[in-house]
Visitor: 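Input: one structure, supplied below.
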Amino acid sequence: MKDRLRQYIQSALQSCFDSGALSSGILPDIQIEVPGNPQHGDFSTNAAMMMARTEKRAPRQIAETLVAALGPANDFWQKVEIAGPGFINFTLAPVCWYQVLDQIAREGATYGRSEAGKGQKIQVEFVSANPTGPLHIGHGRGAATGDAVAAVLKAVGYEVEREYYINDAGNQINTLGRSLLLRYRELQGETIEFPEDCYQGDYITDLAREVLETEGNRFLDLPETDAIAWFRSFGGKRILSGIDADLQAFGVFMDHWFSENSLFESGEVERGLELLKERGLTYEKDGAVWFRTTDFGDDKDRVLVRSNGDTTYFASDVAYHMEKLSRGFDTIIDVWGADHHGYVQRMKAVFSGLGHSPEALHLILVQLVNLLRGGEQVAMSTRAGEFVTLREVVDEVGRDACRFFFLMRRSDSQLDFDLELAKQQSTDNPVYYVQYAHARVCSINRNAAEQGISLPGAGEADLSKLVLDEELALAKLLSRYPETLLGAARHHEPHRVIFYLQELAAQFHSYYNRDKVLVEDPDVSRARLALVNAVRTVICNALTLLGVSAPERM
RNA sequence: GCGCCAGUAGCUCAGCUGGAUAGAGCAACGGCCUUCUAAGCCGUGGGUCGAGGGUUCAAGUCCUUCCUGGCGCGCCA
């Protein structure tokens, strides 16, 4: 719709230049937008104001010239007006909006999708929690966000891969092994002073008990390092499969699980260090190897190899991102907790250092989740093992509410998540508000069927019966779904889809209360059925994309 | 001290690449069910967009200084 209008305007501009009505010959980068105020028409362009300088004429004069060149009203636009400082406002013919409804009926579940990102490969890496304990609520937000970003990108044509990076090398996984071994020994009567730096949660004891039951006491005789190695591997695997199960219950399905350890086994880490060295980006100081990240905007250089010979986590990350790039992704998106923001510059430096554009790496920093229950803060401390797991929350409030709430805010703003509110089946709860709109249309459909009125397919209803302002307004809002999706994808902001859904549901509920769909005139009924079913389709498409169900009854 | 993010209605937050009178929900108050699901709708009140300066036809949006809050600044991961 917008593109079609743009073509009209551009050809009008061109004819102005050709006829000499406008002199500069400079085609401005005009904007076409939907005015906030419906009195300003359906679309508005700032073309005249943009040209004021190059034309050296008042914007309103230019606008008049342009409007003259556009010619008389036609079957596309009904009215053109010049307003304010020089805006040109267009009101489109209703038939344009009827076409949108037909298009939705025709395209169904694919309405809103596009091929804007065709040919571009994007990887979204998210969650990537250490396999040392179950996912907690903070990971849940990362999971919902990463998954939705991936879904939205895919919907607009990008080739998308969802990946989980497993930190199965390094200290934390060792600590896991040690924690398990200690609990295991404790279970066999040994008195253990359980160290503070070990994992405190009950799940550790549960796992240790399981080992005792299936493997017996054979690890008591093993040298400690061997025993820890076994427990580390066992614990890591078990916890990881638990994480996978939790994610699946949350509706998140990873395409690829990538092991940090494999980077060592394949020599990737070594190669990464070599490459940086060859490029003259490293140096030795105090017995350690440093990466000159300050060359690329970081505020200090970073250690790659410690003086004791161990590589750092950062060295793994260099290798990991090198490996990602070698898989041919045009864009790499990492979803991190916002407390890792200090890491951004050095990761960008890796890209620059390896000769890639730092623009190829996008970071989505997800802020903290503030868990509340009835307005009261729920205390959490990972160290003491007192955290609320994602599983608990999903079990309590349900997957739909959980995912919706996580996506309701921009990821870079903190999120209050109130368990009581999320469970409430009331007007306070935006999840049900949107789902309810969908269920209501389904209910109308059932009533229509009882009355023997069939659902009109594309082109089967006389849409010219839709003459009310609120009906056209709904159709206009529906026409904006594809661009909403595209914006959400390009900016990696799935919350835009949530806000759109809330607006659409609000307009629908308002229409529903004001006008009956099923009326005496069967032609009007069928036209209105076509309209509300277009609403239903879009709500269903958007909710599905975000991993939230669209129930037919509530 | 340095850096990142934020500061918009009493509360929680939207505000798309700068656009016309700054929006929504909650809370408060008043209405609407013999009519397709009241998990809904309609109405009322509520704002120096943290403060100052700048850029321009136009600034909540861009630049700059300052104030406030959260987070981060390991040869941890």
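Quantities reported herein were computed from a predicted structural model and do not represent experimental measurements. Order of the sequence lines fixes the chain letters, A, B, ..., with proteins taken first and strands second; residue numbering starts at 1 for each chain.
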Visitor: Distance check needed: B/C36 C1' versus A/I453 CD1, whole Å only.
Guide: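 Rounded to the whole Å, the gap is 10 Å.
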Visitor: For the pair made of CD in A/Q507 and P in B/C41, what is the distance, rounded to whole Å?
Guide: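 Value for this atom pair: 12 Å.
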Visitor: Using the C1' atoms only, state how far B/A14 lies from B/C49, rounded to an integer number of Å.
Guide: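 One C1' to the other, the span is 13 Å.
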Visitor: When rounded to the nearest Å, what value does the distance between P atoms of B/U8 and B/C41 take?
Guide: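 Result for the P pair: 27 Å, nearest Å.
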Visitor: Syn or anti for B/C71, please, going by whether the chi angle lies within 90° of 0.
Guide: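 The base of B/C71 is oriented anti (glycosidic angle more than 90° from 0).
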Visitor: Would you say the side-chain atoms of A/Q172 and A/N167 include a donor-acceptor pair closer than 3.5 Å?
Guide: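 There is no such pair between these side chains.
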Visitor: Has A/F87 got its ring stacked on B/G19, by the test of a centre gap below 5.5 Å and a plane angle below 30°?
Guide: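 No, A/F87 does not stack on the base of B/G19, since the centre distance and plane angle fail the 5.5 Å and 30° test.
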Visitor: Under 4.0 Å between a Lys/Arg side-chain N and an Asp/Glu carboxylate O for A/E125 and A/K324?
Guide: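 Judged by the 4.0 Å cut-off on N to carboxylate O distance, A/E125 and A/K324 do form a salt bridge.
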Visitor: Could A/R440 and A/Y512 be counted as a cation-pi pair, given that NZ or CZ must be under 6.0 Å from the ring centre and within 45° of the axis?
Guide: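 Judged by the rule (NZ or CZ under 6.0 Å from the ring centre, within 45° of its axis), A/R440 counts as positioned above A/Y512.
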Visitor: Considering only atom C1', compute the distance from B/G70 to B/A9 and round it to an integer number of Å.
Guide: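 23 Å, rounded to whole Å.
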Visitor: With C1' as the reference atom in both, quote the distance from B/U55 to B/G15 in angstrom, rounded to an integer.
Guide: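 It comes out at 22 Å once rounded to the nearest Å.
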Visitor: Could you tell me whether A/A437 contacts a base, only the sugar-phosphate backbone, or nothing, with contacts defined as non-hydrogen atoms closer than 4.0 Å?
Guide: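 Counting heavy atoms under 4.0 Å across all strands, no contact is made by A/A437.
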Visitor: Reading 5' to 3' and counting Watson-Crick or G-U wobble pairs with both distances under 3.5 Å, write the dot-bracket notation for RNA chain B, | for bases paired outside the strand.
Guide: (((((((..((((.....[...)))).(((((.......))))).....(((((..]....))))))))))))....
Visitor: So A/R514, base contact, sugar-phosphate only, or nothing? Heavy-atom distance under 4.0 Å.
Guide: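 Result for A/R514 = nothing.
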Visitor: Within the structure shown, what part of the strands sits under 4.0 Å from A/D515 by heavy-atom distance: base, sugar-phosphate, or nothing?
Guide: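 The residue A/D515 makes base contact.
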Visitor: When you get a sec, tell me which of B/G19, B/A6, B/A39 is the closest nucleotide to the side chain of A/Q31?
Guide: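 Closest of the options to the side chain of A/Q31: B/G19.
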Visitor: Mind calculating the distance between CZ (A/F405) and C1' (B/C13) to the nearest angstrom?
Guide: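 It works out to 13 Å between those atoms.
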Visitor: Using heavy atoms to find the nearest nucleotide of RNA chain B for A/V517 and A/A505 separately, return the residue whose nucleotide is more 5′.
Guide: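 Nearest-nucleotide comparison on RNA chain B picks A/V517.
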Visitor: Please state the C1' separation for the pair B/G7 and B/A51 - nearest whole angstrom.
Guide: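 Taking atom C1' in both B/G7 and B/A51, they lie 11 Å apart.
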Visitor: Please evaluate residues A/L543 and A/Q435 with respect to the criterion side-chain contact (heavy atoms from CB on, under 4.5 Å), reporting the C-alpha separation (whole Å), side-chain torsions for both, the decisive distance (0.1 Å), and the verdict.
Guide: CA-CA 8 Å; A/L543 284 178; A/Q435 290 182 322; 4.2 Å; yes
Visitor: When you check the side-chain N and O atoms of A/Y511 and A/E471, is any donor under 3.5 Å from an acceptor?
Guide: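 Yes, because at least one side-chain N or O of A/Y511 sits under 3.5 Å from a partner of the opposite role on A/E471.
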Visitor: It should be established whether A/R490 places a side-chain nitrogen or oxygen under 4.0 Å from OP1 or OP2 of nucleotide B/C16.
Guide: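 No, A/R490 has no side-chain N/O under 4.0 Å of OP1/OP2 on B/C16.
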Visitor: Nearest-Å distance, CD (A/Q502) to P (B/U12)?
Guide: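 Roughly 17 Å, once rounded to whole Å.
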Visitor: One thing to verify: whether A/E396 and A/R373 come together as a salt bridge, which I'm taking to mean a side-chain N less than 4.0 angstrom from a carboxylate O.
Guide: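 A/E396 and A/R373: salt-bridged.
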Visitor: Using only heavy-atom distances, determine whether the side chains of A/Y165 and A/D334 contain a donor-acceptor pair under 3.5 Å.
Guide: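 No.
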Visitor: Any carboxylate oxygen within less than 4.0 angstrom of a Lys/Arg side-chain nitrogen, looking at A/R302 and A/D317?
Guide: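 Here A/R302 does not pair with A/D317 in a salt bridge, since their nearest N and O are not under 4.0 Å apart.
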Visitor: Take nucleotides 68-77 of chain B nucleotide by nucleotide from the 5' end and write B, S or -, depending on whether a protein heavy atom sits under 4.0 Å from the base, only from the sugar-phosphate, or from neither.
Guide: --SBSSSBSB
Visitor: Taking OP1 and OP2 of B/C41, is either one under 4.0 Å from a side-chain nitrogen or oxygen of A/Y433?
Guide: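 So the side chain of A/Y433 is within the cut-off, an N or O lying under 4.0 Å from OP1 or OP2 of B/C41.
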Visitor: Is A/S413 near enough to B/A14 that one of its side-chain N or O atoms lies under 4.0 angstrom from OP1 or OP2?
Guide: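 Answer yes for this pair, as a side-chain N or O of A/S413 is under 4.0 Å from OP1 or OP2.
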Visitor: So, A/D521 and A/R528, do they make that salt bridge, N to O below 4.0 Å?
Guide: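 Answer for the salt bridge query: no.
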Visitor: To check you understand the geometry: which heavy-atom pair defines the closest contact between A/L545 and A/V152, and what is its length?
Guide: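 Looking at all heavy atoms of both residues, the closest pair is CD2-CG2, 4.1 Å.
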Visitor: Base, sugar-phosphate, or nothing for A/D298, non-hydrogen atoms under 4.0 angstrom?
Guide: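 Result for A/D298 = nothing.
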Visitor: Does a side-chain N or O from A/H495 land closer than 4.0 Å to OP1 or OP2 of B/G15, or not?
Guide: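 For B/G15, OP1/OP2 do have a side-chain N/O of A/H495 under 4.0 Å.
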Visitor: Send over the distance from A/Y512 OH to B/G40 P, rounded to a whole Å.
Guide: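 Going from A/Y512 (OH) to B/G40 (P), I get 12 Å.
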Visitor: Taking N or O atoms only and anything under 3.5 Å, show me the protein contacts with nucleotides 30-35 of chain B, one pair per line.
Guide:
{"residue": "B/U35", "atom": "O2'", "partner": "A/K516", "partner atom": "NZ", "Å": "2.8"}

Visitor: With a 4.0 Å cut-off on heavy atoms, is A/E284 in touch with a base, just the backbone sugar-phosphate, or nothing at all?
Guide: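 The residue A/E284 makes no contact with any strand.
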Visitor: Tell me whether the side-chain N/O atoms of A/R410 come closer than 4.0 Å to OP1 or OP2 in B/G15.
Guide: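 True: A/R410 side-chain N/O within range (under 4.0 Å) of B/G15 OP1/OP2.
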Visitor: Looking at every non-hydrogen atom in both residues, tell me the closest pair between A/P35 and A/D42 and how far apart they are.
Guide: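 Looks like CD-O, 3.5 Å.
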Visitor: Quick one: label A/S44 by what it contacts on the DNA or RNA (base, sugar-phosphate, nothing), any heavy atom closer than 4.0 Å.
Guide: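 Base: the residue A/S44, judged by heavy atoms under 4.0 Å, touches a nucleobase.
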Visitor: Heavy-atom nearest nucleotide on RNA chain B for A/H509 versus A/L518: which residue maps closer to 5'?
Guide: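 So the residue in question is A/L518.
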Visitor: For A/N89 and B/A20, what is the distance between atoms CG and P respectively, to the nearest whole Å?
Guide: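 Those two atoms, CG and P, are 11 Å apart.
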Visitor: By the definition side chain to side chain contact (heavy atoms under 4.5 Å, CB included), identify the one residue from A/T312, A/V269, A/L273 that meets it with A/V305.
Guide: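 Only one of A/T312, A/V269, A/L273 forms a side chain to side chain contact (heavy atoms under 4.5 Å, CB included) with A/V305, namely A/L273.
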Visitor: Mind listing the closest non-hydrogen atom pair of A/I173 and A/G236 along with its distance?
Guide: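 The answer is CD1-CA, 4.2 Å.
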Visitor: Between B/C62 and B/C4, how many Å separate the two P atoms, rounded to a whole number?
Guide: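 The answer is 15 Å between these two P atoms.
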Visitor: B/U56 and B/C63: how far apart are their C1' atoms, nearest whole angstrom?
Guide: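 Between the two C1' atoms, the distance is 13 Å.
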Visitor: State, to 0.1 Å, how close A/R292 and A/T282 come at their nearest heavy-atom pair, and which atoms those are.
Guide: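 Smallest heavy-atom distance, with atoms named: NH2-O, 3.9 Å.
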Visitor: Between B/G50 and B/C5, how many Å separate the two C1' atoms, rounded to a whole number?
Guide: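 These two C1' atoms come out 16 Å apart once rounded.
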Visitor: To the nearest Å, give me how far apart CD (A/E503) and P (B/C16) are.
Guide: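 Distance, rounded to whole Å: 14 Å.
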Visitor: Does A/F499 reach a base, just sugar-phosphate, or nothing at all? Heavy atoms under 4.0 Å.
Guide: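 Sugar-phosphate contact only - A/F499 comes under 4.0 Å of backbone atoms but never of a base.
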Visitor: At their closest point, which heavy atom of A/I333 faces which heavy atom of A/I364, and how far apart are they?
Guide: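 Closest approach of A/I333 to A/I364: CG2-CD1, 3.7 Å.
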Visitor: Roughly how many Å is it from CE in A/M49 to P in B/A20, rounded to a whole number?
Guide: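 In whole Å, B/A20 P and A/M49 CE are 10 Å from each other.
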